[in-house]
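Step one of this worksheet: look at the structure below.
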Number of protein chains: 4
Amino acid sequence: MGRTRSAAKDIGAILADIEAEVRAENDWGNVASYIPELADIRPNQFAMSVCTAAGETVSTGDAMTRFSIQSVSKVFTLALALGRHGDLLWRRVGKEPSGNPFNSIIQLEVENGTPRNPFVNAGAIVTTDAILEGRKPRDTLAEILRFIRSAAEDDDIWINDRVARSEERTGDRNYAIAHFLRSCGNLRGECALVLGTYFHHCAIEMTCVQLARAGRFLCSAFGDQRLIPTERVRSINALMMTCGHYDGSGEFAYRVGFPGKSGVGGGILAVVPNVASIAVWSPGLNDFGNSKQGTRALERLSERTGWSVFA
Amino acid sequence: MGRTRSAAKDIGAILADIEAEVRAENDWGNVASYIPELADIRPNQFAMSVCTAAGETVSTGDAMTRFSIQSVSKVFTLALALGRHGDLLWRRVGKEPSGNPFNSIIQLEVENGTPRNPFVNAGAIVTTDAILEGRKPRDTLAEILRFIRSAAEDDDIWINDRVARSEERTGDRNYAIAHFLRSCGNLRGECALVLGTYFHHCAIEMTCVQLARAGRFLCSAFGDQRLIPTERVRSINALMMTCGHYDGSGEFAYRVGFPGKSGVGGGILAVVPNVASIAVWSPGLNDFGNSKQGTRALERLSERTGWSVFA
Amino acid sequence: MGRTRSAAKDIGAILADIEAEVRAENDWGNVASYIPELADIRPNQFAMSVCTAAGETVSTGDAMTRFSIQSVSKVFTLALALGRHGDLLWRRVGKEPSGNPFNSIIQLEVENGTPRNPFVNAGAIVTTDAILEGRKPRDTLAEILRFIRSAAEDDDIWINDRVARSEERTGDRNYAIAHFLRSCGNLRGECALVLGTYFHHCAIEMTCVQLARAGRFLCSAFGDQRLIPTERVRSINALMMTCGHYDGSGEFAYRVGFPGKSGVGGGILAVVPNVASIAVWSPGLNDFGNSKQGTRALERLSERTGWSVFA
Amino acid sequence: MGRTRSAAKDIGAILADIEAEVRAENDWGNVASYIPELADIRPNQFAMSVCTAAGETVSTGDAMTRFSIQSVSKVFTLALALGRHGDLLWRRVGKEPSGNPFNSIIQLEVENGTPRNPFVNAGAIVTTDAILEGRKPRDTLAEILRFIRSAAEDDDIWINDRVARSEERTGDRNYAIAHFLRSCGNLRGECALVLGTYFHHCAIEMTCVQLARAGRFLCSAFGDQRLIPTERVRSINALMMTCGHYDGSGEFAYRVGFPGKSGVGGGILAVVPNVASIAVWSPGLNDFGNSKQGTRALERLSERTGWSVFA
């Protein structure tokens with residue numbers, strides 16, 4: 001069962017099956033509870049969208065419902081930071097899985113302020129700092145939005161300012177990380193400015209359709225590498241594979257078999273290189289802070305399509 | 001640049017180019033120094049073999065020189081343990097990258113004796129224990145050899161007993177790990193028997209040609225899944241991608257872009273799913289204990305062929 | 001050789017000998033370099049003052065030179081916090097040596113925001129928060145100063161505001177700790193207010209004479225427990241013994257043999273229970289951040305007087 | 001309330017009170033369960049003996065019942081190792097509290113095979129190795145027994161061989177530590193020989209009366225420093241104070257206020273420098289592996305006598 005062949009299958013029927021299976025589940029996990037804007041969301045919601053190389057977008061479920069993309073935004077800011085700094089970025093951030101939760105500060109201290117990878121919070125804060133580079137947060141945020149809208153070919157994508165302000169109010173752990181980075185000389189901007197930018201790009205809201213479309217720049221199948229060159233696509237996909245699900249990345253690679261990046265809002269952006277861009281959303285989370293039914297859905301999709309990159 | 005198309009290129013010419021580039025390098029890294037059998041090997045040796053889906057094996061360099069496969073053997077023992085226990089194996093070993101060196105005991109203590117993955121030493125010792133299951137080491141070793149010879153379709157593959165005995169003499173760190181596992185109830189056999197088996201399967205010697213051929217069972221391109229079913233191929237390749245190079249796994253995924261497993265003898269077995277099985281050998285190591293020029297050669301091969309699974 | 005007998009010896013002569021030996025040393029260690037106010041101090045300065053049970057204060061060296069007491073202030077704030085909260089304080093801070101540097105955040109994460117003891121930075125920040133309790137920093141600082149002046153029977157003790165502001169500017173590591181504590185629910189005040197108070201009480205300046213006199217409240221020999229009761233004296237001295245010199249506390253207990261608390265300004269307050277209160281100052285530090293010649297001087301004093309509590 | 005005065009009180013009456021209070025307790029903790037010889041002991045037993053400077057031994061409870069001294073033996077082996085190697089021993093073992101459980105291997109890896117102090121298992125194994133020095137275990141054990149019998153002035157002290165053999169059978173964690181030390185070059189003897197010696201000296205059995213008498217060499221009050229000189233007494237007492245109760249050492253110093261060393265058999269040897277040697281035994285343990293009622297009894301004794309060294 002090859003990957004190219006699978007792409008030709010009826011994705012729509014597969015998605016319908018997956019949604020039916022998901023709807024039959026009893027355990028949807030728990031929504032993030034640290035800010036009211038996430039805590040108040042009903043957990044048993046589900047949506048999935050697939051953009052195929054043929055140019056179609058096939059969806060199921062609440063695919064037009066906006067959700068907070070949270071850490072999925074780190075994929076876009078990484079693309080921007082690499083565009084701006086190239087491999088110099090890797091002097092400030094590593095490329096290795098962390099073996100620790102997303103918000104751990106332990107490894108940061110052991111490794112003297114160099115975050116393990118751009119997807120743990122510390123690494124994403126450094127990446128945000130690398131994009132800011134002394135500019136105003138508002139200008140940087142405009143650039144991030146521009147990039148995402150351009151990737152999605154959709155201008156109706158916005159930041160939810162209320163979410164960003166809630167994050168700021170409860171953001172002590174991230175403030176701790178930022179100040180720690182700064183004490184190690186690995187944060188140039190003021191903590192408050194960098195984190196303000198960080199909280200705002202995490203507060204971007206998108207629908208599954210929009211997110212799947214925005215993810216096409218990581219899938220060269222679309223033959224359009226306006227946004228970033230192929231070798232950078234490879235780099236980002238490799239990092240999503242090894243580090244995209246925090247300390248559940250190995251399990252995700254094992255079960256799903258293609259790169260993905262999750263967010264605490266319940267969204268996951270996944271990429272089947274050369275074949276498809278996928279967004280899934282279900283706000284209940286598993287123990288690692290990744291969408292419970294979203295992960296299950298991707299696992300089923302992988303089984304049904306043979307899209308794993310590993311055979 | 002698709003992966004299928006690349007396979008059609010003239011691999012032989014690419015390998016010749018790569019060898020020329022490698023030979024021009026000055027820094028070959030350092031050979032492992034903990035046992036005389038490895039310490040006495042000249043570092044600036046190089047060989048590479050590629051088995052393509054078309055059934056050919058193309059080689060360059062000292063591809064008929066035998067070397068100690070060391071931790072590459074963990075791929076074969078994992079396949080055997082999964083064959084014997086299926087998913088029950090994962091009750092005893094994890095699937096996550098470790099973020100620590102191959103022989104660290106720290107995470108093992110933090111996680112109460114459950115090794116992070118089957119490729120760190122602790123995980124491979126548990127895997128060996130799972131194959132032993134009360135049988136005699138000699139019978140288990142015979143089974144491992146049978147599996148490898150069958151995969152390689154070559155009976156001229158042997159264990160170097162002198163290497164195994166040297167490992168045993170200097171094996172205090174592995175003894176520490178084994179006893180620690182046993183104190184946590186995660187080792188059923190006697191430490192000396194399990195480690196004896198472990199040291200012996202690490203002391204298997206193969207040529208690059210043999211190793212590349214043996215690796216074909218991880219590449220469904222060969223259309224012959226006598227040894228293990230496709231879903232298990234996927235599992236093993238996923239683990240090689242996220243955990244195959246210890247704390248350099250993220251870098252390897254980033255630079256090479258397909259699964260691989262290294263050994264301290266300087267060998268690497270790499271798999272391009274559906275396309276090719278690759279063995280490379282160069283005994284000088286980098287800081288993570290992986291073959292320095294072997295890794296570079298795979299990186300070049302990936303660039304030249306577009307075999308990265310990530311775009 | 002009893003401790004009481006030793007107290008009768010000619011302390012003055014002993015101090016003179018010690019100063020002569022210290023002055024003959026070549027290696028005075030390095031001054032703290034993270035703020036200019038400390039970095040600009042000449043390392044090879046030395047002073048020592050001893051208040052004996054007989055009521056005398058005997059000094060040698062620059063005993064009237066003011067220095068920044070820094071972490072020595074943590075002894076006074078601990079006394080105040082225990083006075084205010086009693087044993088309830090121990091719900092928020094531990095009593096165990098840390099085995100880590102003074103500013104480490106690792107153990108704090110492992111133990112979910114409960115600092116190991118009141119003398120590592122994290123513990124002292126919680127202690128400061130416990131004294132603040134919603135009051136204004138200025139009122140709390142006034143209370144701390146009042147306590148110290150009363151203990152020293154000397155009103156000429158002040159905060160160096162310039163030092164406090166420098167600490168604030170370079171205080172990212174402490175901000176990281178404070179925000180981390182807050183994220184764990186173990187800091188009630190605003191980080192900036194708690195740290196402002198913390199930096200200011202660390203910026204108190206005293207002479208050796210003043211510090212030795214202020215330390216008498218920890219030495220019941222003076223028969224005057226106006227400030228704190230005897231059982232609290234025991235508690236604080238016990239903590240100074242096991243935790244007063246960060247990861248050099250065991251060595252200090254081994255070499256000196258009575259409780260002491262060091263500061264990065266080069267001061268140490270030491271207590272010989274029932275016998276004497278001692279202050280020593282020499283701004284050059286050893287590898288653990290404790291005064292190099294100050295520690296040596298206390299070691300010599302212990303040898304000469306037999307004041308070790310351990311025999 | 002001075003320490004000398006307290007010694008004059010009626011110790012017998014105090015001990016009787018303490019026993020009455022202890023007998024009224026409901027929670028005696030749990031006995032060690034890893035070997036049958038310890039697991040089968042009834043937890044609610046209690047004995048206490050005090051040797052005063054006046055030369056008397058006052059006891060209460062089951063003071064003639066033999067118990068396994070376990071880690072209390074580390075005090076005697078440390079004295080022997082220091083006698084043999086002096087300060088050179090400190091090249092192989094540290095003097096700092098560990099902040100980790102007694103059998104942790106984490107810090108050992110972080111610090112490359114140098115145990116934190118001679119009382120954690122790793123440190124005691126190195127100390128045992130330092131006494132062995134290529135001699136036969138039986139000769140070394142004879143020397144250890146000779147030292148203890150001489151200190152106690154009692155030849156009726158023996159090793160329980162059955163306990164030692166049980167320890168050996170369940171000793172995987174200690175084997176892990178020993179092999180780890182050996183892999184770092186910090187163990188010269190064969191693991192099995194060193195551990196055999198270690199398990200046997202831990203299996204020494206004594207009564208409270210014998211143990212209190214044996215502890216007099218750490219209390220110069222007895223005016224007889226045949227066994228070790230006063231400066232070494234200071235060193236050992238300092239280490240018992242900062243490291244004698246594993247990760248409960250700070251708490252013990254805080255609550256009891258004089259040096260002590262606990263064993264998993266429920267015994268504690270405590271020293272009031274210049275005043276008394278104390279042994280207490282109650283086999284039920286608290287969370288740190290120290291005798292629950294033994295610790296409480298010492299706390300009460302300290303309160304009643306004012307023997308804390310801290311005021």
Side-chain angles (χ1 to χ4, degrees), chain C residues 1-4 87 90 94-100 104 106-107 110-111 116-117 119 218-221 225 228-259 271-274 288 302-303 306 308-311, chain D residues 1-4 87 90 94-100 104 106-107 110-111 116-117 119 218-221 225 228-259 271-274 288 302-303 306 308-311:
Chain C
M1 176 165 41
R3 295 194 292 143
T4 336
D87 280 349
W90 306 120
K95 305 189 197 88
E96 297 301 325
S98 80
N100 280 306
S104 175
I106 290 179
Q107 217 155 21
V110 171
E111 302 185 0
R116 292 285 289 181
N117 66 62
F119 295 147
L218 293 173
C219 178
S220 47
Q225 295 309 120
I228 63 171
T230 301
E231 65 264 26
R232 197 147 292 152
V233 165
R234 275 190 202 119
S235 307
I236 297 174
N237 282 339
L239 286 160
M240 287 169 79
M241 180 68 96
T242 53
C243 316
H245 283 73
Y246 310 119
D247 206 20
S249 299
E251 186 80 22
F252 189 87
Y254 185 91
R255 296 208 173 280
V256 175
F258 43 78
V271 177
V272 187
N274 302 312
F288 296 107
S302 178
E303 288 162 9
S308 165
V309 300
F310 294 122
Chain D
M1 177 163 42
R3 296 196 291 146
T4 336
D87 281 348
W90 305 122
K95 305 188 198 86
E96 296 301 326
S98 80
N100 279 308
S104 175
I106 291 179
Q107 216 156 20
V110 172
E111 301 185 2
R116 292 285 289 181
N117 65 63
F119 294 148
L218 293 172
C219 179
S220 47
Q225 294 311 119
I228 63 171
T230 301
E231 65 264 27
R232 197 147 291 153
V233 166
R234 275 192 202 116
S235 307
I236 296 175
N237 283 338
L239 287 160
M240 286 169 79
M241 179 70 96
T242 54
C243 316
H245 282 73
Y246 309 119
D247 207 19
S249 299
E251 186 80 21
F252 189 87
Y254 185 91
R255 296 209 172 280
V256 175
F258 44 78
V271 178
V272 187
N274 302 314
F288 296 107
S302 178
E303 286 162 10
S308 164
V309 302
F310 293 123

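Numbers restart at 1 for each chain; the letters A, B, ... are given by sequence-line order, proteins then strands.
- Between D:E303 and C:E231 there is no side-chain heavy-atom pair separated by less than 4.5 Å.
- Put simply, of C:G248, C:P259, C:A238, the one with the most heavy-atom pairs under 4.5 Å next to chain D is C:A238.
- The closest donor-acceptor contact from the side chain of D:E96 to the backbone of C:E251 lies under 3.5 Å.
- The two residues C:R234 and D:G306 come nearest to each other via the heavy atoms NH2-CA, 4.2 Å.
- Here D:S249 is the residue among D:C243, D:S98, D:S249 with the most heavy-atom pairs under 4.5 Å with chain C.
- Pairing each heavy atom of C:V233 with each of D:A311, the nearest pair is CG1-CB, 3.8 Å.
- The structure places CZ of C:F310 at 12.0 Å from CG of D:L218, a figure rounded to the nearest 0.5 Å.
- Every side chain to side chain donor-acceptor pair (under 3.5 Å) that C:E111 has, sequence neighbours left out, goes to C:R116.
- In terms of the side chain to side chain donor-acceptor pair (under 3.5 Å) criterion, D:S302 has no residue partners (sequence neighbours excluded).
- In terms of non-hydrogen atom pairs under 4.5 Å with chain D, the most contact-rich of C:M241, C:M240, C:Q107 is C:M241.
- Contact count versus chain C (heavy atoms, under 4.5 Å) is highest, among D:P97, D:A253, D:S235, for D:S235.
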